[in-house]
Amino acid sequence: VIRHHAISGEPLILAPERAGRPNDFDDAPSICPFCPGNEHETPPEVARVGEPWRLRVFPNKYPATAHHEVIVESPHHGAAFHDLAPSDAEAAVRLYADRYRVMRDADGVRGVSLFKNHGRQAGASLAHLHSQILATPFVPLRVSREMDGFARADACPLCAIPGVVIAEDDSFVWLAPHASAMPYLSWLVPRVHAPELVPLTDAAALARLLARASRAAARLRGAFNWMFLNFPMTSGAAAPKAHWYVEVVPRVTALAGFELGSGSAINVVSPEEAARYLQGPA
Ligand SMILES: [Zn+2]
Ligand SMILES: [Zn+2]
């Protein structure tokens, strides 16, 4: 159900039925619905890689919206993204792009959120490695704000590499932005200026950098989120001026009163220090 904030009119999703979903972190661990042998615990799958499977995709059993899927990226319960074989990490990225394209083109969809919650502090309810993709009947507020920013800019702010470079290759730049709301936050920016993840040009390169970002987050507190920021035409006429990217946020601090009350942030880690740390041991 979509509700709107009484004052600002901003949309939000009310999904009380999701309160009933299993939680690995609250209860004594019960059977893991994402482990091999328990496939009957999930809705019928819409995609799989490998036989026996190494990755699988199925609708979320506790959907927040009409289109909400889970991408399980490994059959191994304790695996992290950086533990995946390079071919499986690349297959995961290809699945992200495939499912993104399907959802973006579904009826009534105005936005698609593709993200990973890894660890309890990042909002995960199940520990087994997975990502989620969720379509909304409204343009997500962040997407619409950033779309306005791209539309206003004389030149693309992301093409200008607005931060301290952590690593780069022919296809992507991984950077700590000059201005970020959270400590150790980083962006994976494709070198090709394009509004969205599809068509996907270099899945292997993106998979390698996502794995590095996952490993770096594991060295901090372990929990992290990554979010794909896409700007499809359905989000507004300014899409061609926009530049998609991935944001990775290690969860080392909680939001406090100033952040919640002002909507602005106080970040205690400089981008130089963040880049040095995320680069990791030589
Ligand atoms: Zn499991
Ligand atoms: Zn650009």
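Every number for a ligand or one of its atoms is a count from 1 in the order of the listing.
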Establish, yes or no, whether a centroid distance under 6.0 Å links the rings of W226 and F224.
yes

Three-point angle C35:SG, the Zn ion (ligand 1), H128:ND1, rounded to the nearest 10°
110°

Using the ring centroid of each side chain, check whether F34 and F58 are separated by less than 6.0 Å.
yes

Please name the atom of H77, limited to N, O or S, that comes nearest to the Zn ion (ligand 1).
ND1

Give me the ring orientation class for H243 and H193: parallel if the planes are under 30° apart, tilted from 30 to 60°, perpendicular past 60°.
perpendicular

Decide yes or no for S113 and F228: does some side-chain heavy atom of the first lie under 4.5 Å from some side-chain heavy atom of the second?
no

The Zn ion (ligand 2) - name of the N/O/S atom of H243 that sits closest to it
ND1

Taking the Zn ion (ligand 2) as the vertex, measure the angle between atom SG in C159 and atom ND1 in H193; round to 10°.
110°

